[in-house]
Amino acid sequence: MSAPGVLSFTQQGWEQVLAKVKRAVVYLDAACAESLHWCCGSTRLVEAVGSPGCPLREFEPKAVGGTAEQPKAVFVLSCLLKGRTVEALRDIVCRSHFRYCVVVTALSHAVHLTANHVPAAAAAELEGQQPVFEQLEEKLCEWMGSMNYTAEVLHVPLLLSPVAPYLALTPAFASLFPLLPQDVHLLNSARPDKRRLGSLGEVDSTALTPELMLQMRCLVSGLSSLCEHLGVREECFAVGALSRVIAADLANYAPAKNRRKTATGRASVVFVDRTLDLTGAVGHHGDNLVEKIISVLPQLPGHTNDVMVNMVELTALQTQEESQNVVAPGCLAQANDSAARALWEALLNTKHKEAVMEVRRHLVEAASRENLPIKMSMGRVTPGQLTSYVQLFKNNLKALRNHCGILQLGLATVQTLKHPQTAKWDRFLAFERLLLQSIGESGMSVVLNQLLPMCKPSAQRTSDDYGPEELLVLLIYIYSVCGEFTVDKDLGEAQEKVKKALVQVFCEEVELSPLLQKITGCDSATNLTFHKAKITVDELFSSLWDIAGARSLMKEFKSVYIPGDHTHQAFYKPLLKQVVEEIFNPEKQDPVDIEHMSSGLTDLLKTGFSRFMKVSRPHPSDHPLLVLFVVGGITVSEAKMVKDLVASLKPGTQVIVLSTRLLKPLHIPELLFATDRLHPDLGF
């Protein structure tokens, strides 16, 4: 049996759910559906239900209720059982004929006590009791119409979507994003003058909004369950302001104290703020096919980490746009197909060119197994060649069934290679390389002047030019890679020119994209006045300055830009690479920017004594397991880089990479300019 990991943790949770769903109508919310999608697939759940028809429904207030022939319901929810969630439960149950209801929540009872403002001391006295769950069980019986009916409420930690053996995501926390300096002003507006925060470095749990702190506690609850499954006592470390709050909360999470006493393994859990390095998130230097697939194909509805693959190619329908909605889309997650999962993991772990060849190899092998008339061709792999292999399966239902997963990944590859945005990827990369050289040789004002001719209104743009969102991506790249800089006359003038050009671009858009609607506050182009566009651009540049200053509190990790010299060109050095190198640097016994979060008096004494006695402070390289959690999202290339780097620096160390979501460049403007970052919607 393999060692416990993110997949076994998620599978164990879903096995508990599957044991409850026999002959039930099952309601899932989006985050739990996404966890199921990557872990074991909806077919597993349908098989476990074992009744005819479609037993799966989206959890929402208007969801269809159960008929007289459907007496049992199971609700699988990622959110707190409170407020709007409970109201939706009530509405569904009241209009149904259920006599047996099971509610599965991904959040522990301890978190529900926190959400209901039960003091820590009172919560400790309730150990072993679950009054919040018991009260909801009574309510469910009332709503079903008889106290003799059966209701169950239980906690199953369905936190993760396991994308690979070493990589998992937390879909319920996809919108969680680290703080920026401007957020300090917003937090101060709710604090008395004497307790005002001077900088992000002073932010702790008491400074956060109640909603954000509760969201973090929900995340910590799930991570504690993961540590319990892994059988480890964790030491918590942080790089960045929000990471420090999360790490401290996990280190001092009261329900974890008993499990830590009996844990036989040890692990280091290192949290890193995404905002310290947005260059890697918006850059195009990741030579990875999956990264390009995620960036160019449309998002699978209701999901944060998967895409829609157009499957019309395998049908007799015409491959026109209107046909796309007739045939169910394919996707990347292939939980129940071992051959497709092997291909998926190969795509995650190889460079673009090798990945495309791997897709061809799998398609050829699948066609050979089915005795399909394949024509072999060597050399460069083309989209047309892959399409011809895929079409061999077109009228063969048995072959389609046997290799459906491989065909979905094959078509995802074809559609990505053909996509106009893929050609643009290389132009982005070329411009980013030019920027890196210009920063060192000429400075920021020259870099902004190079961007200026690219800021074209819609009437002047061709398909090769950059749209407003893409210009934002380039600006984020520039300000993040440059870091802090001083403003002189030339820079001030260059910045004003770019701002003026952006205002014109925004004002002359024929139709506002969802992102532009969000950041301008206008639902249509006709409502976007020059004045509103100017205010929006001023706010954008205020955020860009925050991005540039995000590493100002760091001592070791001040820069991600390495200047060139006579023999080497300037290059970008990812912050995550710097963090991992620092962790496993044998000469660095006390990493300055990787802060250890103490979990009680013993740790505090160790830290204090270490200043004047030979007491070693906890170090993130001490343990055989490293869990690296990037708060705010990670790219496929970054996750692979971390895995490979740990293997080369300290062979034998197991690494698990966790993050809130898989990123593509356009996600960063969405997350940066979200208005609810400090006040997340927790469903009540």
Side-chain angles (χ1 to χ4, degrees), residues 2 7 37-44 47 162-166 287-294 296-297 300 306-319 323-324 326-419 422 636 640:
S2 61
L7 184 58
H37 177 74
W38 286 98
C39 173
C40 46
S42 58
T43 46
R44 228 4 247 297
E47 286 164 7
V163 172
Y166 63 91
D287 186 19
N288 184 278
L289 176 62
V290 174
E291 210 160 288
K292 293 174 186 176
I293 291 171
I294 289 167
V296 305
L297 295 190
L300 193 64
D306 208 342
V307 297
M308 287 198 290
V309 182
N310 185 354
M311 304 300 289
V312 174
E313 197 84 53
L314 287 167
T315 71
L317 291 168
Q318 296 295 312
T319 54
S323 302
Q324 289 185 28
V326 177
V327 180
C331 60
L332 300 176
Q334 302 297 332
N336 296 315
D337 184 331
S338 56
R341 192 156 181 95
L343 173 57
W344 166 248
E345 288 177 18
L347 300 186
L348 289 172
N349 290 304
T350 51
K351 291 188 174 181
H352 176 99
K353 188 177 177 182
E354 290 89 345
V356 174
M357 291 172 73
E358 196 68 15
V359 171
R360 176 172 70 180
R361 185 176 72 80
H362 275 76
L363 285 171
V364 167
E365 286 179 3
S368 300
R369 280 196 208 100
E370 300 295 336
N371 296 318
L372 298 172
I374 194 157
K375 288 180 183 175
M376 283 297 294
S377 56
M378 303 306 289
R380 187 168 166 268
V381 184
T382 65
Q385 185 190 98
L386 295 178
T387 302
S388 69
Y389 295 157
V390 167
Q391 286 183 332
L392 293 171
F393 295 80
K394 193 168 183 175
N395 297 313
N396 189 326
L397 191 57
K398 177 174 167 286
L400 274 170
R401 269 209 198 102
N402 290 343
H403 305 285
C404 188
I406 298 283
L407 293 169
Q408 288 175 66
L409 295 174
L411 281 170
T413 302
V414 169
Q415 288 158 28
T416 300
L417 294 176
K418 285 181 171 179
H419 203 285
T422 302
V636 170
K640 180 185 180 298

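From a predicted model like this one, the values you see are computed outputs, not experimental measurements.
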Locate the shortest heavy-atom distance separating [X] from [Y]; write the atom from each residue and the value.
X: Ile374; Y: Ser368; result: CG2-OG, 4.5 Å
X: Thr422; Y: Val296; result: OG1-CG1, 4.0 Å
X: Leu300; Y: Pro329; result: CD1-CG, 4.0 Å
X: Pro162; Y: Leu7; result: CG-CD1, 3.7 Å
X: Ile293; Y: Ala412; result: CG1-O, 4.1 Å
X: Leu392; Y: Pro373; result: CD2-O, 3.8 Å

Those residues that, when tested against [X], pass ring-ring contact (aromatic ring centres under 6.0 Å, His included) (two or more places apart):
X: His403; answer: Phe393
X: His352; answer: none
X: Tyr166; answer: none

Tell me, please, which residues at least two apart from [X] pass side-chain hydrogen bond (donor to acceptor under 3.5 Å, both in side chains).
X: Gln391; result: Glu313
X: Glu354; result: none
X: His37; result: Asp306

TODO: Not counting sequence neighbours, which residues clear side chain to side chain contact (heavy atoms under 4.5 Å, CB included) with Lys353? List them please.
DONE: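 Partners of Lys353 under the side chain to side chain contact (heavy atoms under 4.5 Å, CB included) test: none.
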Open item on the list: Going by side chain to side chain contact (heavy atoms under 4.5 Å, CB included), name the residues that satisfy it together with Ala346, two or more places apart in sequence or in a different chain.
Closed with: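 Result, side chain to side chain contact (heavy atoms under 4.5 Å, CB included) vs Ala346: Glu358.
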Open item on the list: Rounded to the nearest 0.5 Å, what separates atom CD in Gln415 from atom CG in Asn310?
Closed with: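 These two atoms lie 5.0 Å from each other.
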Open item on the list: Once rounded to the nearest 0.5 Å, what's the spacing between atom OG1 of Thr350 and atom CG of Asp287?
Closed with: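 Answer for the OG1-CG pair, Thr350 versus Asp287, is 9.5 Å.
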Open item on the list: Can you tell me which residue among Val327, Asn395, Leu400 is in a side chain to side chain contact (heavy atoms under 4.5 Å, CB included) with Leu314?
Closed with: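 Output: one option passes, namely Leu400.
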Open item on the list: Checking side chain to side chain contact (heavy atoms under 4.5 Å, CB included) between Val636 and each of Leu289, Val290, Leu347, Val163, which is the one that passes?
Closed with: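 The side chain to side chain contact (heavy atoms under 4.5 Å, CB included) with Val636 is passed solely by Val290 among Leu289, Val290, Leu347, Val163.
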TODO: Could you name each residue pair satisfying side-chain hydrogen bond (donor to acceptor under 3.5 Å, both in side chains) that touches residues 331-346, not counting sequence neighbours?
DONE: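 Of all non-adjacent pairs touching residues 331-346, those that pass side-chain hydrogen bond (donor to acceptor under 3.5 Å, both in side chains) are Thr43-Asn336, Gln334-Gln408.
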Using a 4.5 Å cut-off on heavy atoms from C-beta on, say whether the side chain of [Y] contacts that of [X].
X: Leu363; Y: Val390; result: yes
X: Val381; Y: Val359; result: no
X: Ile294; Y: Leu332; result: yes

Open item on the list: For residues 377-401, which residue pairs pass the salt bridge (Lys or Arg N to Asp or Glu O under 4.0 Å) check, not counting sequence neighbours?
Closed with: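 Only Glu370-Lys398 qualify under salt bridge (Lys or Arg N to Asp or Glu O under 4.0 Å).
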- [ ] Could you walk me through whether Thr387 and Lys418 pass side-chain contact (heavy atoms from CB on, under 4.5 Å), step by step?
- [x] CA-CA 11 Å; Thr387 302; Lys418 285 181 171 179; 4.1 Å; yes
Task: Residue pairs passing the ring pair (Phe, Tyr, Trp, His ring centres under 6.0 Å) test where at least one lies in residues 358-379, sequence neighbours excluded - done: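 The answer is none; no pair qualifies.
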Open item on the list: Applying salt bridge (Lys or Arg N to Asp or Glu O under 4.0 Å), can you list everything that pairs with Arg360, at least two apart in sequence or on another chain?
Closed with: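 Partners of Arg360 by the salt bridge (Lys or Arg N to Asp or Glu O under 4.0 Å) criterion come out as none, since no residue qualifies.
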